[in-house]
K.L.:
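The structure's right below; bear with me while I get my questions together.
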Amino acid sequence: MLNNVQGPQVEIPLGVRLRLARAAVQAVADEAGADILHIKGDAVDSELRPLVRPGTDVDILTRPAHVGRLDAALRAHGWAVYSTFTYGSPFGHAQTYTHEQWGYLDLHRFFPGIEADASGAFESLWSGRMIHHIAGVDGAVPAVSAQAVILLLNDARSRRSADAAALWRSVGADRRSEIRSLVGRLHAEVAFAAATGDLESQRGASSYPLWKVITTGGSRAAEWRARVRAAPTLWQAARIVARAPAVNVEHLAHHHGRPPTRREIVVAFFARPVTALAQFIAGLRARR
Amino acid sequence: MTGIQRAPGIAWVIAESTAYVARIPSGPIVVLTGPAAVIWDELMTDADATTLAARVSARMSDVPPDADATVKQMVEHLLAEGLLDQSRADQPD
């Protein structure tokens with residue numbers, strides 16, 4: 001009748017494990033004094049996704065100023081960094097952790113598509129937060145309209161245009177008005193347009209090429225060019241350029257199932273220009 | 001044994017007649033099945049331990065004659081494990 005999973009092994013359903021994981025992460029955040037919003041997966045309101053998709057990991061958005069303290073607290077409670085902000089995604093928006101008991105956690109310090117200052121954007125979402133009961137623990141989620149914005153931007157980035165279209169069709173006029181208003185406050189017009197199939201209305205925007213590449217596909221070189229053009233400051237653009245030719249050491253480690261050797265890193269470093277050159281040549285041929 | 005609640009730092013989910021009870025933030029997860037899951041479910045909705053055995057028996061089939069003693073024993077076990085807490089419910093707000 002009573003089984004401890006650290007003794008005899010018992011299969012825990014993924015959906016159950018993720019809800020308990022959210023409660024565990026909330027406890028860590030509370031202890032660290034870090035503000036977090038639970039996003040995506042089973043934190044989504046049933047108005048937006050009647051069929052709950054638990055996902056495969058826990059996603060949270062944290063106040064940017066609290067990233068350091070939350071990171072330290074997570075590590076202290078057994079969460080190991082799986083991929084860093086730098087190498088986790090080209091946006092540099094999330095850091096992934098893994099825990100032997102809870103599985104995977106994506107800690108977002110901003111959300112791709114939101115071009116407003118990250119601290120101000122978080123405050124906008126935080127000010128409209130709702131209480132969400134998770135496995136007997138109280139956490140916070142964005143308001144329903146803000147959840148819709150996050151889902152739409154996420155669908156755009158993940159090229160799930162059908163999901164975005166279905167969500168946009170499902171919401172009423174009042175909700176659409178709230179969503180558009182929030183999109184304006186978050187300066188997320190370009191990604192929102194990409195999500196709702198209206199990207200061409202944003203042709204003059206600096207981030208248009210980036211979302212064009214993201215939603216329609218393109219070479220790695222084209223994506224990096226678009227990313228540099230979309231960077232709001234020269235300093236950030238310089239950082240993106242500096243990162244472009246680097247080898248993603250974490251990706252190599254996950255690929256090999258162990259830390260890569262120095263030789264493997266060197267081989268990967270020289271393989272990247274070859275890949276880029278091949279894409280460049282393919283691009284030239286395609287233009288003919 | 002009058003009022004019993006979950007202990008601080010405990011999260012729980014009930015799914016398909018099973019109670020998954022976890023110490024947070026670090027685990028482990030304890031799995032309760034059968035009458036133990038029903039006991040947990042009942043206590044999470046009503047902390048009154050004086051009526052617990054009757055409520056649990058009402059939800060079970062083939063209730064044994066010593067059901068009351070079994071429920072009491074299981075609750076004492078959950079208290080000893082630190083998953084339930086008797087003192088909090090007995091304290092005035």
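This is a predicted model, so every value here is computed, not measured. Letters A, B, ... are given to chains in the order of the sequence lines, protein chains preceding strands, and every chain is numbered from 1.
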K.L.:
What are the two closest heavy atoms between A/Trp102 and B/Pro25, and how far apart are they?
P.N.:
NE1-O, 2.9 Å

K.L.:
Any donor-acceptor pair under 3.5 Å linking the side chain of B/Arg6 with the backbone of A/Gly136?
P.N.:
yes

K.L.:
Counting only heavy atoms not in A/Glu47, do more than 12 sit closer than 6.0 Å to its CD atom?
P.N.:
yes

K.L.:
Should A/Arg17 and B/Ile29 count as side-chain neighbours, where that means a heavy-atom distance under 4.5 Å?
P.N.:
yes

K.L.:
Can you give me the closest heavy-atom contact between B/Ile24 and A/Ala23, atom names plus distance?
P.N.:
CD1-O, 3.7 Å

K.L.:
Please determine whether the number of non-hydrogen atoms from other residues, nucleotides or ligands lying under 6.0 Å from atom CG of B/Asp66 exceeds 12.
P.N.:
yes

K.L.:
First locate atom OH of B/Tyr20, then atom CD1 of A/Ile12, and finally report the distance between them rounded to the nearest 0.5 Å.
P.N.:
6.0 Å

K.L.:
Just give me the residue among A/Gly78, A/Ala27, A/Ala24 that pairs up with chain B most often, heavy atom to heavy atom, under 4.5 Å.
P.N.:
A/Ala24

K.L.:
For a quick test of reading the model, state the closest non-hydrogen atom pair linking B/Ser26 to A/His99 and the distance between them.
P.N.:
O-CE1, 4.0 Å

K.L.:
Keeping to residues at least two apart or across chains, list the side-chain hydrogen bond (donor to acceptor under 3.5 Å, both in side chains) pairs with something in residues 52-62 of chain B.
P.N.:
B/Asp41-B/Arg59, B/Glu42-B/Arg55, B/Glu42-B/Arg59, B/Thr51-B/Arg55

K.L.:
Evaluate the side-chain proximity of B/Thr18 to A/Val16: yes if any heavy-atom separation is below 4.5 Å, no if none is.
P.N.:
no

